[in-house]
Structures are given as structure tokens and as C-alpha cells.
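The structure appears right after this line, and notes come after that.
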Amino acid sequence: MSVEEDTVHHAGLLATVRGPQDVKRMSAEELDILAAEIRDFLIAKVSRTGGHVGPNLGVVELTLAMHRVFDSPRDRLLFDTGHQAYVHKILTGRQAGFDRLRQRGGLSGYPSQAESEHDLIENSHASTALSYADGLAKAYALRGEQRSVVAVVGDGALTGGMCWEALNNIATAGNPLVIVVNDNGRSYAPTIGGLADHLSSLRLNPGYEKVLDTVKDALGSTPLVGKPMYEVLHAVKKGIKDAVAPQAMFEDLGIKYVGPVDGHDVTAVESALRAAKHFGGPVIVHAVTRKGYGYRPAEEDEADCLHGPGSAFDIETGKLVAAPSVKWTHVFADELVAIADERPDVVGITAAMAEPTGIAKLARKHPNRVYDVGIAEQHAATSAAGLALGGLHPVVAVYATFLNRAFDQVLLDVAMHRLPVTFVLDRAGITGPDGPSHYGMWDMSVFGVVPGLRIAAPRDAATLREELREAVAVDDGPTIVRFPTGAVAADLPAVRRVGTVDVLAEAARTDVLLVAVGSFGQLGMEVAARVAEQGYGVTVVDPRWVRPVPAELVELAAGHRLVVTVEDGVRVGGVGDALAQAMRDADVRVPLKDLGVPADWHPHGTRAQILADLGLTAQDVARDVTGWISRLDVEPVEPVITADDATAQN
Ligand SMILES: Cc1ncc(C[n+]2csc(CCOP(=O)(O)OP(=O)(O)O)c2C)c(N)n1
Ligand SMILES: CC(=O)[C@@H](O)[C@H](O)COP(=O)(O)O
Ligand SMILES: [Mg+2]
């Protein structure tokens, strides 16, 4: 093929891919060209939108091979966590959507059933795919449907407990099921733990691989062998594994193991998948890949191989175009290190997210006082309970949404034992680009019911520092400190403090008590100004500690005509609900209106867009408050027209 033709051909292969059937026909040479085009496409598109460029560059050949060997959507392809499904989307007719990846109304950053019949798991929480796969395989077996189930799971996700619950069941059920372990050795940072060590021993043991190939060839070339022959060959292979490689635990679980295969060699992966497809039982295909493969800025990014740049980045360097301002996370990390310097009992725990949560800063200062437990939030909570029983004060830093799965551990292993554990929930509330399963909107409601647990919602950097210190000073039960994603709010000083409640603004009249939870403090101030223009007096307060509801809030409520709460969390069971209950219990009969996030699956977009869609803006809240107070027969005062105002009006 001439250079010109090759160039034209090179530019055109990806454009010919409308669906999986288009890659099934391609030659090995074409597949190599297509893989290069997909990489160029991913880098070009995701550098403009942000997204999980590193993970997806690592699964180009893997995903091509899967779609060539299996027939999606009849065969079901599942992606654990789902952040590495961009290539799957490219191959299933959604290339055009990448210009609006993770944007409101645009392509989701995760599989989406609304987008495609090829998609199933929409949850971005790790370690779920094998359980889905176990259930799917059982359903097809019971219904007599001859359909393959294939689950891609990363080495990081494999550190999650659900994976091992699933593997235990998958082995017992014995249904045909292909588990593709996408082993790039990393979550964000290198994956921790015994499993990671085991995978690397398998991946790095050439002797095992060569011997395995020999045995596999023997197995593979032998026509369907009778049971005795298979048993002999299997025993030989097993013996070899025992001899030349650490015990391959998967086979001891009763799940056949194939690999390790080069996950960037389409032909090799295809061969392994075809063998697995026809095995007739559960099979693990261990694919060794590289996160960020083929893109130097990602390959060389020591932090996380460009795991998920949150916004546009420079293609040449991989660096974010818009330098992030001071983030809530940074303020937390700095204060945690300062506290740890003073308190040798304070230790940190991360669930495979040391950098994103700021715990890495503590690890750099006090490396022996930070524990990375892998993607294992349930274990993190109860291990923290153990640390507390041992006389330490653990600070468990996770994204708010991920603590959902550790509710039972927080409730019974920590709170029932009244243990001093502080959970710091970053990305609390609406986050935006990662969509509904990432929204940290449940914590104040779900954990608000836990007896003895206290929840703080700081409004700015100063109160984050203060409330974090207050939290680690609590020694008779768990605490939560929760704050949103992004740039930290400007400091908002209080005019006075009533108990633990900060009064941020007050007026001559006490028409409305506006309870602005956490980062909504600034919104509360803007609302008060707007409502004052309508002639009503608003007292703006920040409860600081929001669950249990401070008694002072109830006292303040009694002195007003209307109470309005606004929170970046679900309404049902939220701060507003809890305050209403406390007011009922105290027989304070002042009407209360609670504003917050409806308990629903809200789409992805920017945080500001989603909050606006939910009416959680100063303008919307002011309109609501004015409407409510005016319907209470509260006469507004005529706004005092000052000389300046009069001048401005003329
Ligand atoms: C329960 C849960 N905790 C944390 C995360 C955040 N998270 C997203 S991807 C990721 C790393 C996943 O590593 P791996 O499974 O190896 O996939 P890779 O990115 O290497 O392809 C983590 C920790 C999550 N999605 N779910
Ligand atoms: C897939 C996942 O759970 C994380 O990678 C997440 O996308 C990170 O979110 P932030 O960009 O807010 O750190
Ligand atoms: Mg990984």
C-alpha cells in the first residue's frame, strides 16, 4: 500500500467503524492501525473534555479483542467501575458523542443503558461487575440461553471485597463466565496488597508463562480429550504452576486461569478469549496492560498515569489547562498534617485514593501513619475501628459517595462501639461530570440516623480547619466532616456564635431564619440580600455541626416567622427534615421549608448546572423565600431608599 493510500487508509479506518461487526472483519494489520487511530482519537477528544484517558488508553486492544470474539449485545460485556468503557463506546457507534463527553446532555463517562443496548452497568462504584456477572450467568443457565458473559475488572477493583464474594460464588456455580482481569498494576497509584503481589508474581514469571504455553499447546492441540487425559494434563499443568509459580489462587478457587497474556496484543488476547469462551465454565483471562499505554505524558505520570484529568489538558504535557485554585482537599490535607504533627495518635486511611483525597500529603510527612487499604471502604471503616480500639484516632478520607457501601460498618463496628473515628468526605453533594452514582448526596441523611455520630459541614477553609480539629478532638464516637468538590469557598466570617451555630447575617426584623448548610453559606448571604430588597428581614445561620441538629437552631427558629433550610444533600432525612422533627419535639410551631437535592438519579453535567437545574441557586431560593414569607401575611417594610439608591434610580 502506497504511503498516500496508507495515510488515507490510516485516517479512515476508525471512520468505517459503526459497530462491533466492523472490527470483526479486520486483519491483524488493520487492527494495529485502528488501535493507533483510537489512541489518537482518545487523546484528541479527552484532552478537550477531561476524563479517564489513562485507563482507556490501557484497554484499546483488550476491548477490540472482546468485540471480535464475543457478539455484543447478545453476549454481555460488563465493565467494572465503567471508567474504562470509552473504547467500548467508540466501537459501538458513539464516536460522535465524545465532543460532549461528561457534559450535560452529552455522553456519559460510564456505560449508559439509555445510550446503547451494548451497555449494562451504570454504577461507577468499583468491584461490582463480578457479582453482576455471576447473576447474569446464573440467569442464562436457568433460562437455557447460550450467551457469553464477560466481565472486565481492574487489578484495583479486585481489591474490593465484593469481587471475592462473587468469585466464591462463581466458582461454585460453575457457569460459563469469562473474567478479564485488566492488570495494569495500578488503581491511581500502584495497587496495594497481597492480591497485587500475586498478580505481579504471575505476570512476572516467564518460566511459568513459557511452560504454560507448552502445556496449553498440548491441551489446545489435543482434540477433545477424554476425562482421564484431561485430568493428567491438568495435573501436569497444576504441578508446573506449583513448581514454577506461586500458587495461582484462582485455580485453587476452582476458576480456570489463562494467562498472563499481553493485553496490548490483540491476537494474543483474542486467542485467550476464544479459549475461554469455549471452556464451558468460569475462566479468568489475566491480561497485562499499561495504564496510559501509547501516550507518553500518561505513561510517565507517576501520580496516576493521567487516571482522570477533571478538565481539559495540554496534549503535549498532560497538564491541566486551567490550573486548579485552592481546593477543599488541599485545605484538608494541610490541616491534617498540622494536626498529625501535634497528635501522634492521629493516623490516616485511604481506599486507594491517597492523592485525590489529600491523604498522600500526610503519607509524605508521616509514612508509617497512613494505610492504603485498596478499594475497600468497608474494610477501611472496620479497620479504623480496630485502630481506634488500639488507642489511635484514625481519619478515613474517602469520597462521600463511596462511604455509602460502609454504612453497616460505620453504624455497628464504629458507632455502636463509640469509637473515635473521623470520616472526611470529599466530593460531598453534587459533583457533576461523573453523574448520579458519584453524587455524594446521601451522607447527611443516611449517616445522620447513626446514634452518637456527629456530622460537620464546613462553609469555608477557616471552618474546615476548625471543624476538622473539633472532630479529631471527639473521643467518644465517630465524626464526619464533609465538603464539596472543587475550589474552596472564600472565608465567610460569622457576626456571632450561638452555641455551635454561626450567625452569618441578621436584620432588624426576624422574618426568616435561613439555615445555609456547609458550602451554601455564601448562597445564604446572597439570598438574604435579595429578600431584604423585598422588605423582609433574614437571619442567615451556618449550623456547622448539622447532625444531630444543634438545639440552638430550634431556639433561633422560635424567634422567627419562617424557617428555610438549604443543603447540598438529599431532602429526605436531611438537615431540614431533622430540624423540622426537632422543632416538632420542642413544640416550636414555626413553618419550615426545606430545600435540597431530591432523592433521584440526577444526570451528569457541571456542579453549577445540576444545582441550577435543582433550583439551588441564590436567585431561585430568594424567589422561593419571598413567596413563602409573603404568603404568611407578614407585611414587608418599605425598602428604605437611601440617597445613593435615589441617585441610582434617577
Ligand atoms: C467503591 C469505589 N471506591 C473508589 C472509587 C474511585 N476509583 C475509580 S477508578 C479507581 C481505580 C480503579 O483501578 P482499577 O480497577 O485497577 O482500574 P484501572 O483504572 O487501573 O483501569 C478508583 C479507586 C470507585 N470508583 N469506587
Ligand atoms: C472513576 C472514579 O471513581 C474516579 O476516577 C472519579 O472519576 C474521580 O473523580 P474526581 O475527578 O472528582 O477526582
Ligand atoms: Mg488497574
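In each ligand, atom 1 is the first atom listed, and ligand 1 is the first ligand listed. We count residues from 1, following the sequence as given.
The nearest heavy-atom contact from the protein to atom 13 (O) of ligand 2 is Tyr399 OH, 2.6 Å. Counting protein heavy atoms only, atom 12 (C) of ligand 1 is closest to Ile375 CD1, 3.8 Å. Remark: minimum distance from atom 22 (C) of ligand 1 to any protein heavy atom is reached at Tyr188 CE1, 3.6 Å. In this structure, atom 8 (C) of ligand 2 lies nearest to the protein heavy atom Tyr188 OH, 3.5 Å. Ranking the protein heavy atoms by distance from atom 25 (N) of ligand 1 puts Ser124 O, 2.8 Å first. For atom 1 (C) of ligand 2, the closest heavy atom belonging to the protein is Tyr110 OH, 3.1 Å. Annotation: atom 9 (S) of ligand 1 to nearest protein heavy atom, His307 CE1, 3.3 Å.
In terms of heavy atoms, Val481 sits closest to Leu468 at CG2-CA, 4.3 Å. Shown here for Glu122 and Ser437, the closest heavy-atom pair between the two residues is O-OG, 3.9 Å. Of all heavy-atom pairs spanning Ala487 and Ser325, the tightest one is CB-OG, 3.0 Å. In plain terms, the two heavy atoms of Val288 and Pro260 that are nearest each other are CG2-CB, 3.7 Å. Considering every non-hydrogen atom in both Leu14 and Leu34, the closest pair reads CA-CD1, 3.7 Å. Between Ile121 and Pro111, the shortest heavy-atom distance links the atoms O-CB, 3.2 Å.
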Output, in order, the C-alpha distance, side-chain angles, deciding distance and verdict of ring-ring contact (aromatic ring centres under 6.0 Å, His included) for His286 and Tyr257.
CA-CA 7 Å; His286 178 192; Tyr257 170 91; 5.7 Å; yes

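Ligand 1 places these atoms under 4.0 Å from at least one heavy atom of Ala157: 14 (P), 15 (O). Taking every heavy atom of Phe402 and a limit of under 4.0 angstrom, the matching atoms of ligand 2 come to 3 (O). Listed by number with element, the atoms of ligand 1 under 4.0 Å from a non-hydrogen atom of Lys291 are 18 (P), 19 (O), 20 (O). Near Asn182, the atoms of ligand 1 lying under 4.0 angstrom from a non-hydrogen atom of the residue are 21 (O). Contact atoms of ligand 1 toward Gly154: 14 (P), 15 (O), 16 (O) (distance under 4.0 Å to a heavy atom of the residue). Residue-ligand proximity, Asn184 to ligand 1, at heavy-atom distances under 4.0 Å covers atoms 18 (P), 20 (O), 21 (O). For ligand 1, the atoms sitting less than 4.0 Å from at least one non-hydrogen atom of Ser187 are 11 (C), 13 (O), numbered in the order shown with element in parentheses. Close contacts between ligand 1 and Met353 involve ligand atoms 4 (C), 6 (C), 23 (C) [criterion: under 4.0 Å to a heavy atom]. Taking every non-hydrogen atom of Asp434 and a distance limit under 4.0 Å, the qualifying atoms of ligand 2 come out as 6 (C), 7 (O), 9 (O). For ligand 1, the atoms sitting less than 4.0 Å from at least one non-hydrogen atom of Glu377 are 1 (C), 2 (C), 3 (N), 4 (C), numbered in the order shown with element in parentheses.
A distance of 6.0 Å separates CG of Asp443 from CD1 of Ile455, quoted to the nearest 0.5 Å.
By the 4.0 Å heavy-atom criterion, Gly58 is excluded from the residues contacting ligand 1. At a 4.0 Å cut-off, at least one heavy atom of Asp155 sits close enough to ligand 1 to count as contact. Using a 4.0 Å cutoff on heavy atoms, Arg405 counts as a contact of ligand 1. Judged by the shortest distance from any of its heavy atoms, Met353 lies outside the 4.0 Å radius around the atoms of ligand 2.
Backbone and side-chain nitrogen or oxygen atoms of His83 are examined, and one is located within less than 3.5 angstrom of a nitrogen or oxygen of ligand 1. Distances between N or O atoms of Ala126 and those of ligand 1 include at least one value under 3.5 Å. Backbone and side-chain nitrogen or oxygen atoms of Ser124 are examined, and none is located within less than 3.5 angstrom of a nitrogen or oxygen of ligand 2. Between Arg102 and ligand 2, no N or O atom pair is found at a separation short of 3.5 Å. Looking at Thr485 next to ligand 2, no N or O pair under 3.5 Å apart turns up. For Thr191, no nitrogen or oxygen atom sits less than 3.5 Å from a nitrogen or oxygen atom of ligand 1, counting backbone and side chain alike.
Listed for the Asp301 side chain is no donor-acceptor partner under 3.5 Å among the backbone atoms of Pro297. Side-chain atoms of Arg607 come within 3.5 Å of backbone N or O of Ile430 as a donor-acceptor pair.
With respect to Val373, the side chain to side chain contact (heavy atoms under 4.5 Å, CB included) criterion is satisfied by exactly one of Ile192, Thr159, Ile349: Ile349. Checking each of His125, Arg427, His438, Glu377 against Thr401 for a side chain to side chain donor-acceptor pair (under 3.5 Å) leaves exactly one that passes, namely His125. Between Val421 and the options Val396, Val410, Asp413, a side chain to side chain contact (heavy atoms under 4.5 Å, CB included) holds for only Val396. Partner Leu77 forms a side chain to side chain contact (heavy atoms under 4.5 Å, CB included) with one of Thr92, Leu120, Val150 and no other, that one being Val150. Each of Ile90, Ile38, Leu107 was checked for a side chain to side chain contact (heavy atoms under 4.5 Å, CB included) with Gln95, and the lone residue meeting it is Ile90. Here the rule is salt bridge (charged side-chain N to carboxylate O under 4.0 Å, His left out) with Asp334, and of Arg465, Lys361, Lys327 only Lys361 fits it.
With respect to Arg186 and Asp304, no salt bridge is recorded, no charged nitrogen being found less than 4.0 Å from a carboxylate O. With respect to the salt-bridge test (charged N to carboxylate O, under 4.0 angstrom), the residues Lys291 and Glu299 do not qualify. The pair Arg39-Glu61 meets the salt-bridge criterion, with a side-chain N (NZ, NE, NH1 or NH2) lying under 4.0 Å from an Asp/Glu carboxylate O.
By the criterion of a separation under 2.8 Å, the protein N/O/S atoms near the Mg ion (ligand 3) amount to Asp155 OD1, Asn184 OD1, Arg186 O.
Ranked by closest heavy atom to atom 3 (O) of ligand 2, the top entry among His438, His83, Arg427 is His438. Selection from Gly185, Gly292, Ala352, Gly156 by nearest heavy atom to atom 16 (O) of ligand 1 gives Gly156.
Asp99 is listed as a side-chain neighbour of Lys45, based on a closest heavy-atom distance under 4.5 Å.
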